[in-house]
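Both backbone and side-chain heavy atoms feed into the values below; hydrogens, waters and symmetry mates do not. Start at 1 with the first residue, then count along the sequence.
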Amino acid sequence: MKIKNGFRITWKTSRNLPIEYFILANVHFEGRVIGHLAGRPIRETVVDGDGLRYRFVGVAPRDQRGRFDVQSLQTGEWIVQPGLVYAQNPKLTSAEGADRAA
């Protein structure tokens, strides 16, 4: 499975896209706790509604206005509240998610 990100971030377009486009919502957390941020545990893996799995890769930096700096995201990386960055990991994708049409 090839890792895809829904948006190609460029200097011309990224400033106009809402931050919400880069946030994974309705995820559930799996795996062991590997740290804490803002009093909440950081889990090593999250799973979205399609069964795609993402692994923790860091904390999302902020821009000058205090918003998430989405330009710092790499292909396949997404923000999970309260500001964690998770990268799609095709090796961890469940069988259900792997069978869905692209």
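The two atoms that bring Val33 and Gly35 nearest to each other are CG1-O, 3.4 Å, heavy atoms only. Taking both residues in full, the closest heavy atoms of Val59 and Val85 are given as C-CG2, 3.9 Å, listed atom of the first, atom of the second, then distance. Summarising the geometry of Glu44 relative to Ile34, their closest heavy-atom pair is CA-CD1, 3.9 Å, with the distance given to 0.1 Å. Across all non-hydrogen atoms, the minimal contact from Asp48 to Val27 is CA-CG1, 4.1 Å. In this structure, Arg43 and Gly31 approach most closely via the heavy-atom pair NH1-O, 2.6 Å. Between Tyr86 and Ile42, the shortest heavy-atom contact is OH-CG2, 3.9 Å.
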Verdict with supporting geometry, Tyr54 and Thr45, side chain to side chain contact (heavy atoms under 4.5 Å, CB included): CA-CA 6 Å; Tyr54 304 81; Thr45 307; 6.0 Å; no
Intermediate values then yes/no, side chain to side chain contact (heavy atoms under 4.5 Å, CB included), Phe22 and Leu73: CA-CA 9 Å; Phe22 300 91; Leu73 296 175; 4.0 Å; yes
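Under the ring pair (Phe, Tyr, Trp, His ring centres under 6.0 Å) criterion, Phe29 pairs with no residue at all, not counting sequence neighbours. Applying the side chain to side chain contact (heavy atoms under 4.5 Å, CB included) test to Gln81 and every residue at least two apart in sequence or in another chain returns Ile23, Phe68.
Counting only heavy atoms from C-beta outward, the side chains of Val57 and Glu77 approach each other to under 4.5 Å. Side chains of Glu30 and Val47 form a contact here, defined as non-hydrogen atoms less than 4.5 Å apart.
Considering CG of Leu84 and CD1 of Ile79, their distance stands at 9.5 Å, rounded to 0.5 Å.
Side-chain atoms of Asp50 do not come within 3.5 Å of backbone N or O of Leu52 as any donor-acceptor pair.
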